Amino acid sequence: MSDRETVDFLAAVPLLEGRDEAELAELARVMGRRTVQAGEALWRQGGDRRELLFVVDGAVATSLQVSGGRTVEIGSAGPGQMLGEIALLDGQGHTLSVRATETTTVLALGHSDFAALLAGQRPAAFTLRRRLVAHLTARLRDQLRHLAASLGGEPATDGAPAGADLLEPSSPPDSKYVRRMATFHDFDPLALWGFLTSGKYVRCPPGQTLVAEGAPSAAYYLTINGAVEKVLVRGDRRIRVGLAGPGMAFGYESLIDGRPSPVAAITRERALLLVLPSDVFEQLFHREDAISRVFLEAIQRDLLVTLRHALRPSARLASSV
Amino acid sequence: MCRLLAYLGEPLPARSLLFDTDNSLVRQSYSPRMMNTFLNLAGFGMKAWDPTSLHADEPFTYRTTTLPTFDRNLRFFASKLAPTCLVAHVRATTYSGEGVVADTNLHPFHFPGTRVVLAHNGHLRQFPRMRFALVEHVDPALAQRIEGTTDSEWIYALILSQLDDPYGVPDTRELAEATANALRILREVRAGHGIDTSSPVNVCVSTGRSLVATRFSFDYGWYPPADEMLETDLPFVSLWYAIGGEYARRDGDWRMSGDDPPRSLIIASEPLTTDSSSWLEVPEYSMLTAELGPGGLEFETRDLDV
């Protein structure tokens with residue numbers, strides 16, 4: 001593959017679309033090219049190899065190790081598709097094992113070069129962050145669709161969500177408390193404050209449906225105190241796909257891609273929430289300043305945690321088959 | 001934050017659980033991978049049932065307030081013992097003059113004459129305010145046996161007091177009900193005293209034949225201002241399990257064999273290996289029950305709504 005061909009390939013990757021040619025040429029220079037044979041592993045689940053892979057040609061299969069030493073095939077990826085972004089972004093082990101199913105060529109972008117693309121407040125960095133968030137949202141939807149299919153039936157239609165206007169207003173939390181949350185303690189204090197004052201605060205009792213599965217969400221919610229369950233409900237069967245405790249968010253998927261919410265969100269404990277109505281969400285999502293960066297990073301972190309959670313019930317279901 | 005471990009299944013060398021893996025319980029005492037704002041240096045305790053031993057219904061007991069990693073006796077003992085059930089615990093306490101490191105505070109708790117043991121990972125915030133209100137819910141004979149200063153020993157006495165016969169061997173269903181009832185009483189007493197801050201109660205209760213474990217917290221997500229335990233409790237206190245056949249090292253990795261129906265279960269505050277791919281997270285707000293039956297291990301998880 002010549003340098004020219006590599007640049008052309010990268011230009012067609014959705015994540016990098018719109019980058020100028022000089023940037024792509026620089027990227028092509030730092031990326032490693034690898035060819036693996038059919039049956040060869042690119043990495044194992046739990047492994048700590050930090051790189052973003054783009055499949056140039058060939059095909060790979062992804063699999064999940066489940067309790068009892070069994071392996072469940074999860075999916076496949078082919079030319080133009082991306083692998084490894086979850087472990088690269090959150091620094092934990094790979095969520096799935098990946099092996100080539102035929103002779104496969106990949107381009108690999110290392111951790112530090114990837115971090116350089118996201119650094120600073122350049123428009124290209126914001127565009128990349130937004131695309132990553134959209135990509136992770138699509139992956140989460142895909143995973144949740146598999147889980148919902150395993151339950152069968154249709155989403156519950158009762159428990160209409162409470163509008164944010166109907167919830168009890170509250171004063172903001174102590175900023176020292178918020179800064180002690182792992183989600184926020186390495187953020188710039190002024191930018192964090194800007195984000196935390198962008199919306200309004202409400203209190204909710206336990207058992208309150210705030211987002212209904214299959215309906216659009218009216219707002220982005222961030223849990224300050226308490227806990228909110230993200231659940232798939234089919235009759236008396238349910239799968240909890242996440243628990244939004246302090247510093248975790250919910251209700252944002254449909255604001256990102258304009259589609260209905262893939263899960264319901266119901267308070268498990270009484271809760272104090274930051275609520276950003278959809279118009280405020282839109283502004284923060286598309287702005288390119290320090291506050292917007294905090295916002296995008298917070299969503300990204302939340303998506304990564306939720307994706308990892310969503311894979312856990314999948315393992316449990318697989319092991320009971 | 002303390003770390004607990006429980007095993008139920010076919011005979012397994014105790015050292016496989018306590019020492020051999022790269023995140024074994026003993027290693028978690030000085031190098032926990034999760035919730036690591038506290039080390040677990042305030043002692044080690046273990047109860048282990050071996051059906052081939054004398055008085056097989058009575059567990060082996062080992063307790064020490066010293067660091068288990070330097071304890072050669074424990075290492076020798078763990079190499080010779082292959083229990084069918086084991087409950088072990090490494091204890092953490094706050095880094096202050098209020099923490100009491102003493103033999104009487106070591107888990108698993110086991111009152112003389114009773115057949116149930118308990119290990120706890122968590123803490124009831126403002127426990128001194130509610131301690132004496134619990135007396136009316138605890139069998140007086142059991143209350144007299146409380147020797148230590150921990151909330152955990154009171155939770156143990158409370159669960160025993162919910163059993164029809166605190167000195168008998170309850171079946172799994174009764175043990176699970178007693179545990180859930182004890183949590184309901186704690187919720188009522190907390191409410192009566194206006195206590196509404198996060199208080200995790202991950203317990204493991206066992207008779208040697210059955211195991212009941214909870215991953216639970218009262219008022220999760222609510223903390224007193226300037227709380228020293230905040231960073232520890234912001235995530236829901238962890239609990240994991242692995243289920244299958246024999247737990248052994250295969251191709252360099254410690255894993256359970258994929259037996260169906262399962263024959264063995266390990267429950268632990270964090271996976272015993274750094275590679276957690278063969279472990280499953282116990283869902284938050286849930287109870288896990290297991291019992292060794294003639295057809296294998298009977299195992300269930302359910303939502304714990306108390």
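Convention: sequence-line order gives letters A, B, ...; per-chain numbering from 1. Quick caveat: nothing in here was measured; it's all calculated off a predicted structure.
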Quiz item: With ring centroids as reference points, do A:F250 and A:Y220 lie under 6.0 angstrom apart?
Solution: no
Quiz item: Roughly how far apart are B:L234 CG and A:M248 CE, rounded to 0.5 Å?
Solution: 11.5 Å
Quiz item: Checking B:D253 against chain A: side chain, backbone, both or neither under 4.5 Å from a heavy atom?
Solution: side chain
Quiz item: Relative to chain B, which of A:E229, A:H94, A:R44 shows the most heavy atom pairs under 4.5 Å?
Solution: A:R44
Exercise. Could you tell me which portion of B:S217 (side chain, backbone, both or neither) has an atom closer than 4.5 angstrom to a non-hydrogen atom of chain A?
Key: backbone
Quiz item: So what's closer than 4.5 Å to chain A heavy atoms on B:D219: side chain, backbone, both or neither?
Solution: both
Quiz prompt | Residues B:D303, A:R238: salt bridge by 4.0 Å N-O rule | solution = no
Quiz item: Looking just at side-chain N and O atoms, do B:D22 and B:T273 make a donor-acceptor pair shorter than 3.5 Å?
Solution: no
Quiz item: Cation-pi between A:R268 and B:Y220: NZ/CZ under 6.0 Å from ring centre and within 45° of the ring axis?
Solution: no
Quiz prompt | Most contacts with chain B, counted as non-hydrogen pairs under 4.5 angstrom, among A:G245, A:P246, A:G247, A:G226 | solution = A:G226
